[in-house]
Amino acid sequence: MEKKIAILGSTGSIGTNALRVIESLGPEYQVFALSAHSNIELLAQQAKKYKPDFIAVTNPRFAQELHDLIGDLDVEILSGPEGLVQIAQLDDIDIVLAAVVGSAGLPALLAAAEKGKKLAIANKEPLVIAGQLLLEKTKKNGGSIIPVDSEHSAVFQAMQSGKHEEVHKIILTASGGPFRKFSLEDIENATLEQALVHPVWDMGPKITIDSATMMNKAFEVIEARWLFDMPSEKLDVLIHPESIIHSLVEFVDGSIIAQMGVPDMCLPIQYALTYPNRVPGISRRLRLEEVGSLTFHKPNMEIFRALRLGFEVARIGGTTAVVFNAANEAAVEEFMAGRIKFVNIVELIEYCLNKHSNKNNVSLEELLETDIWARKQVKKYLQSGNKSII
Ligand code: MG
């Protein structure tokens with residue numbers, strides 16, 4: 001049976017890899033819709049190559065530019081954030097692969113969940129800020145969520161060998177990021193240049209800084225809480241610098257099932273598309289004899305305070321997770337602009353979390369209001385020139 005796919009965020013690193021994977025899977029898998037924000041040149045190239053029926057340009061200023069470049073193609077071009085929601089809901093689409101930066105893809109994912117689609121979610125924000133809402137909607141409408149994030153794909157795969165109630169612990173692995181060996185003092189003096197170099201994964205600047213603070217892993221703890229319906233006490237993080245084991249599930253009998261592979265996003269992308277089947281793919285194959293040894297150690301939560309906060313936020317849930325994400329985005333922006341120090345990122349997040357009173361079971365509107373509130377708190381705090389931070 002043919003599978004028609006919408007890729008939300010097709011010009012980013014996940015999007016471009018997804019297109020390579022889909023191409024390798026043969027004619028059964030079809031690129032039905034694409035979306036991008038502003039990389040119009042690449043989007044036009046993709047349109048010519050993959051011939052989608054629909055394209056959404058989320059930044060309306062660039063829609064005309066795309067028209068000019070591919071006006072001769074038989075494709076409907078939608079513009080603005082509504083365009084993203086429209087393509088996610090198209091009746092013909094079987095799978096929505098979401099790889100939009102930030103929370104911009106959330107309304108589209110909720111719309112797709114409403115239609116009972118299969119959602120392959122690659123970016124963290126939708127599950128972090130609206131995990132409960134997304135899961136409820138998916139369940140109610142007969143859809144499914146298959147994680148693409150490498151750790152959650154690994155957990156999802158390991159979960160196939162036992163039942164939900166047989167899980168003792170979910171263990172997410174972490175490379176440790178660029179500051180894995182840093183002391184508290186090193187972290188104090190960390191620079192933007194240092195934070196932008198990741199030892200294993202080649203990703204965008206925001207995510208690379210998130211791995212330096214380990215906010216990235218904190219988000220993954222929250223994601224796992226919702227994706228696998230596990231209380232935070234059953235979640236754990238283990239530093240594994242080689243990034244060969246992508247995560248593990250420990251079952252009640254003591255068996256630990258790990259998923260291994262070379263660090264290459266093509267594998268989790270493909271598994272999300274072909275699940276429950278496995279087919280040959282383009283991912284490099286793992287040669288354990290070349291790896292030699294694998295090492296593990298506990299993360300230091302005194303140094304990486306963001307990670308400890310992540311477990312707490314996973315326990316509380318509700319709008320607290322929205323504040324956690326929005327304050328981080330705002331603080332990372334300030335850090336990248338050179339206005340605050342690396343250590344201030346987590347301080348600003350803690351400040352916002354302390355000021356916030358949590359609400360549970362809220363609507364999308366309330367989630368988005370909380371998002372705006374948290375960003376404002378960051379700005380206000382910095383404008384007040386509080387010396388303990390800047
Ligand atoms: Mg990950």
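Atoms considered below: every heavy atom in the structure, side chains included; atoms not considered: hydrogens, waters and symmetry mates.
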Residue set satisfying salt bridge (Lys or Arg N to Asp or Glu O under 4.0 Å) with Lys379, at least two apart, ordered chain then number -> Glu334

Dump the intermediate steps for side chain to side chain donor-acceptor pair (under 3.5 Å) on Ser38 and Asn59, then the final yes or no. CA-CA 6 Å; Ser38 53; Asn59 186 337; 5.6 Å; no

Does Gly143 offer a backbone N or O that forms a donor-acceptor pair with the side chain of Asn141 under 3.5 Å? no

So Lys376 and Asp371, salt bridge (charged side-chain N to carboxylate O under 4.0 Å, His left out) or not? Walk me through it. CA-CA 9 Å; Lys376 266 195 196 139; Asp371 181 284; over 6 Å; no

Show me the donor-acceptor pairs, under 3.5 Å and distance only, between side chains in residues 103-114 and residues at least two apart or in other chains.
{"residue": "Glu114", "atom": "OE1", "partner": "Lys137", "partner atom": "NZ", "Å": "3.0"}

Are Leu127 and Val362 connected in the hydrophobic side-chain network, where two residues link if heavy atoms are under 4.5 Å apart? yes

For Lys115, check salt bridge (Lys or Arg N to Asp or Glu O under 4.0 Å) against everything at least two apart and list the hits. Asp91

Using ring centroids (six-membered ring only for Trp), state whether His240 and Phe296 fall under 6.0 Å. yes

Pair Gln132-Arg225, side-chain donor/acceptor within less than 3.5 Å: no

Of all residues at least two apart in sequence or in a different chain, which pass the side chain to side chain donor-acceptor pair (under 3.5 Å) check with Gln259? none

Are the side chain of His152 and the backbone of Ile146 linked by a donor-acceptor contact shorter than 3.5 Å? no

To the nearest 0.5 angstrom, please state how far the OG atom of Ser183 sits from the CG atom of Asn300. 10.5 Å

Qualifying residues under ring-ring contact (aromatic ring centres under 6.0 Å, His included), relative to Phe182, sequence neighbours excluded: Phe179

I'd like to know if the side chain of Ser255 reaches the main chain of Phe251, judged simply by a donor and an acceptor atom lying under 3.5 Å from each other, with no hydrogens or angles considered. no

Please list, chain by chain and in numerical order, all residues satisfying ring-ring contact (aromatic ring centres under 6.0 Å, His included) with His37, sequence neighbours excluded. none

Please say which of Ile187, Asn189, Leu348 ends up in a side chain to side chain contact (heavy atoms under 4.5 Å, CB included) with Val343. Ile187

Are the side chain of Thr208 and the backbone N or O of Leu196 linked by a donor-acceptor pair below 3.5 Å? no

Heavy atoms of Ile55 and Leu43 approach each other most closely as CG2-CD2, 3.8 Å

Indicate yes or no for a side-chain donor-acceptor contact from Asp229 to the backbone of Trp226 under 3.5 Å, with no hydrogens or angles considered. no

Going by atom types only, do Thr274 and Asn277 share a side-chain donor-acceptor pair under 3.5 Å? no

Neighbour count >12 (heavy atoms, 6.0 Å) for atom CD, Glu366: yes

Where the side chain of Ser211 meets the backbone of Asn216, is there a donor-acceptor pair that is under 3.5 Å apart? no

Ignoring hydrogens and angles, state whether a donor on the side chain of Glu23 or Tyr29 is under 3.5 Å from an acceptor on the partner side chain. no

Pairs flagged by side-chain hydrogen bond (donor to acceptor under 3.5 Å, both in side chains) wherever residues 66-76 is involved - sequence neighbours left out: Gln64-Asp68

Give the minimum heavy-atom separation between Ala331 and Ile340, together with the two atoms involved. O-CD1, 3.4 Å

Euclidean distance, Phe228 CZ relative to Leu135 CG, rounded to 0.5 Å: 10.0 Å

Would you call Lys139 and Glu136 a salt bridge, using N to O less than 4.0 angstrom? no

Any donor-acceptor N or O pair under 3.5 Å, side chains Lys355, Gln377: yes

If you compare all heavy atoms of Gly310 against all heavy atoms of Ile222, which two are closest, and at what distance to 0.1 Å? O-CG1, 3.8 Å

So do Val167 and Met159 actually touch side chain to side chain, heavy atoms under 4.5 Å? yes

Using atom types as modelled and distance alone, determine if a side-chain donor or acceptor of Lys217 lies under 3.5 Å from a backbone N or O of Ile239. no

What's the spacing between Ile209 CD1 and Ile207 CD1 if we round to 0.5 Å? 11.0 Å

Identify, with sequence neighbours excluded, every residue that meets salt bridge (Lys or Arg N to Asp or Glu O under 4.0 Å) alongside Arg308. Glu302

Check the side chains of Thr320 and Asn358 for a donor-acceptor pair under 3.5 angstrom, ignoring hydrogens and angles. yes

Once the angle between the rings of Phe32 and Phe54 is folded into 0 to 90°, is it parallel (under 30°), tilted (30 to 60°) or perpendicular (over 60°)? tilted

Can you name the nearest heavy-atom pair linking Thr11 to Thr16, along with the distance? O-CG2, 3.9 Å

Distance-only donor-acceptor hits, side chain of residues 285-295, under 3.5 Å, sequence neighbours excluded:
{"residue": "Thr295", "atom": "OG1", "partner": "Glu242", "partner atom": "OE1", "Å": "3.2"}
{"residue": "Thr295", "atom": "OG1", "partner": "Glu242", "partner atom": "OE2", "Å": "2.8"}

Single-linkage hydrophobic cluster Val322~Ile372, side-chain heavy atoms < 4.5 angstrom: no

Is there a side chain to side chain donor-acceptor pair (under 3.5 Å) between Gln157 and Arg278? Walk through the geometry before answering. CA-CA 11 Å; Gln157 294 180 56; Arg278 289 186 186 272; 2.9 Å; yes

How close do Pro52 and Ala47 get, counting heavy atoms only, and between which atoms? CD-O, 3.5 Å

Do Ile7 and Leu267 sit in the same hydrophobic cluster, where Ile, Leu, Val, Met, Phe, Trp and Tyr count as joined when their side-chain heavy atoms come under 4.5 Å apart? no

To the nearest 0.5 angstrom, please state how far the CD1 atom of Ile345 sits from the OG1 atom of Thr213. 6.0 Å

Strictly by modelled atom types, are His356 and Thr319 linked by a side-chain donor-acceptor pair under 3.5 Å? yes

To the nearest 0.5 Å, atom NZ of Lys206 lies from atom CG of Asp210 at 3.5 Å

Would you list the pairs meeting ring-ring contact (aromatic ring centres under 6.0 Å, His included) in which at least one residue belongs to residues 256-292, sequence neighbours left out? Phe156-Tyr275, Tyr271-Tyr275

Phe324: partners by ring-ring contact (aromatic ring centres under 6.0 Å, His included), with sequence neighbours left out: Phe219

Drop me the distance from Lys234's NZ to Ile170's CD1, to the nearest 0.5 angstrom. 9.0 Å

Exercise: identify the closest heavy-atom pair between Ala321 and Ile129: O-CG2, 4.1 Å

Decide, yes or no, whether a salt bridge links Glu333 with Arg339 under the criterion of side-chain N to carboxylate O below 4.0 Å. no

Do Ile95 and Lys3 have side chains that get closer than 4.5 Å, going by heavy atoms? yes

Stepwise salt bridge (charged side-chain N to carboxylate O under 4.0 Å, His left out) test for Asp94 and Lys118: CA-CA 6 Å; Asp94 304 296; Lys118 175 172 167 180; over 6 Å; no

Quick test of your reading: applying salt bridge (Lys or Arg N to Asp or Glu O under 4.0 Å), list the pairs with at least one residue in residues 154-167, sequence neighbours left out, ordered by first then second residue. Lys163-Glu166

